[in-house]
Amino acid sequence: MERGRLAWKISVAGTTGVGKSALISRIIYNTDKVQISQRSLQKKTLRLDGSNGPLTVDILLQEIDPGKNEERLMTGSNAVLVLADLTNLLSLKSADRFLKFVESQKSGKIVKLIATKLDRKYEAKFWDEELDELSGRYNVAHAKISSKTGDGFDQFFGELKTELLDRFHAGKKK
Ligand SMILES: Nc1nc2c(ncn2[C@@H]2O[C@H](COP(=O)(O)OP(=O)(O)OP(=O)(O)O)[C@@H](O)[C@H]2O)c(=O)[nH]1
Ligand SMILES: [Mg+2]
């Protein structure tokens, strides 16, 4: 691998229709409009400022359906995003189960709970109270975003990149 080049794998997990493909499209193309072909690993190359100069980072994005090879698909992930659709209460229960599974793996990966479809907030079936409770139980951060409008996305993704970069630097110091 060329000097200053690294790869981060991000797994995007959640039950059917929760918005996994739309989020991956938002990360790669900055719009939700591009149809992502199902399940294949998607790639986006970013240039970031590392503490020792510029870094080129290949972000690899993997869509995961709970109950379908999640253990194998999550292998090598640096971060796991667990999605729940604000308009679908069952998707929050599914996120709860998936967070439990990720916790049981004790992998030390970065884990985030992401509430999707923020643009449909008037149809929301759960909100901060439920998100705080779930996040607190698994000790993970949460964010509310819309892949459709981009609301909340830049802040969420900016923080994730910073966290991944901090881990990279911390790992190098060991
Ligand atoms: N309003 C709104 N709709 C969204 C958003 N994200 C996804 N959707 C819609 O929700 C539906 C499912 O989105 P996908 O991204 O295909 O969800 P998925 O989790 O990849 O679904 P599967 O791969 O089938 O499990 C589509 O009709 C999307 O257009 C969003 O932020 N806002
Ligand atoms: Mg999909």
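- In this structure, the separation between OG on Ser104 and CD on Glu71 is 7.5 Å, given to the nearest 0.5 Å.
- The side-chain heavy atoms of Asp65 and Lys20, taken from C-beta on, include a pair separated by under 4.5 Å.
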Per-pair distances, 0.1 Å, donor-acceptor, side chain in residues 120-127, under 3.5 Å, sequence neighbours excluded:
residue, atom, partner, partner atom, Å
Arg120, NE, Glu123, OE1, 3.3
Arg120, NE, Glu123, OE2, 3.2
Arg120, NH2, Glu123, OE1, 2.7
Lys125, NZ, Glu123, O, 3.4

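- At least one donor-acceptor pair closer than 3.5 Å links the side chain of Thr162 to the backbone N or O of Gly158.
- Note on Glu163 versus Lys112: salt bridge recorded, some NZ/NE/NH1/NH2 to OD/OE distance being below 4.0 Å.
- Taking OG of Ser94 as the reference point, atom CG of Asp85 lies at 11.0 Å (rounded to 0.5 Å).
- Note that the CD atom of Glu133 and the CG atom of Asp96 stand 7.5 Å from one another [nearest 0.5 Å].
- Note: the hydrophobic cluster containing Leu90 does not contain Phe98 (ILVMFWY, side chain heavy atoms under 4.5 Å, direct or indirect links).
- Residue Ser91 comes nearest to Val18 through the heavy atom pair CB-CG2, 4.1 Å, listed as atom of the first residue, atom of the second, then distance.
- Note that CD1 of Ile59 and CD1 of Ile24 are 12.0 Å apart. Values are rounded to the nearest 0.5 Å.
- Residues Glu63 and Ser21 come closest through the heavy atom pair OE1-OG, 2.8 Å.
- Leu160 and Tyr29 fall within the same hydrophobic cluster, where Ile, Leu, Val, Met, Phe, Trp and Tyr residues are linked whenever their side-chain heavy atoms come under 4.5 Å apart, directly or through other members.
- Contact of the Met74 side chain with the Ser11 side chain is registered, since non-hydrogen atoms from C-beta on lie closer than 4.5 Å.
- Contact detail for Leu134 and Leu99: the closest heavy-atom pair is CG-CD1, 3.9 Å.
- Judged by distance alone, the side chain of Glu70 and the main-chain N or O of Gly67 form a donor-acceptor pair under 3.5 Å.
- Atom NZ of Lys148 has 12 or fewer heavy atoms from other residues, nucleotides or ligands within 6.0 Å.
- For the residue pair Ser146 and Asp151, no side-chain donor N or O sits within less than 3.5 Å of a side-chain acceptor on the partner.
- Annotation for Gln155: atom CD does not count as buried by contact number, only 12 or fewer foreign heavy atoms lying within 6.0 Å.
- With contacts defined as side-chain heavy-atom distances shorter than 4.5 Å, the pair Lys68/Ile64 does not qualify.
- In the model, His142 has a side-chain atom that pairs as donor or acceptor with a side-chain atom of Asp132 under 3.5 Å.
- Side-chain contact between Leu23 and Ile145: present, with at least one pair of heavy atoms (C-beta onward) separated by less than 4.5 Å.
- Both Leu46 and Leu55 are members of a single hydrophobic cluster when ILVMFWY side chains are connected at heavy-atom separations under 4.5 Å.
- The residue from Lys9, Lys44, Arg5 that alone fulfils the salt bridge (charged side-chain N to carboxylate O under 4.0 Å, His left out) condition with Asp58 is Arg5.
- Residue Leu60 comes nearest to Ala7 through the heavy atom pair CD1-CB, 4.4 Å, listed as atom of the first residue, atom of the second, then distance.
- Here the shortest heavy-atom pairing between Gly14 and Pro66 reads O-CD, 3.3 Å.
- Residues Leu118 and Leu86 are in side-chain contact: their nearest non-hydrogen atoms beyond the backbone lie under 4.5 Å apart.
- One finds the CZ atom of Phe156 at 14.0 Å from the NZ atom of Lys144 (value rounded to the nearest 0.5 Å).
- Annotation: side-chain hydrogen bond (donor to acceptor under 3.5 Å, both in side chains) contacts of Lys109 (sequence neighbours excluded): none.
- The CZ atom of Arg72 lies 8.0 Å from the OG1 atom of Thr75; values are rounded to the nearest 0.5 Å.
- Phe168 has its side chain out of reach of Leu164: every pair of non-hydrogen atoms, C-beta onward, lies at least 4.5 Å apart.
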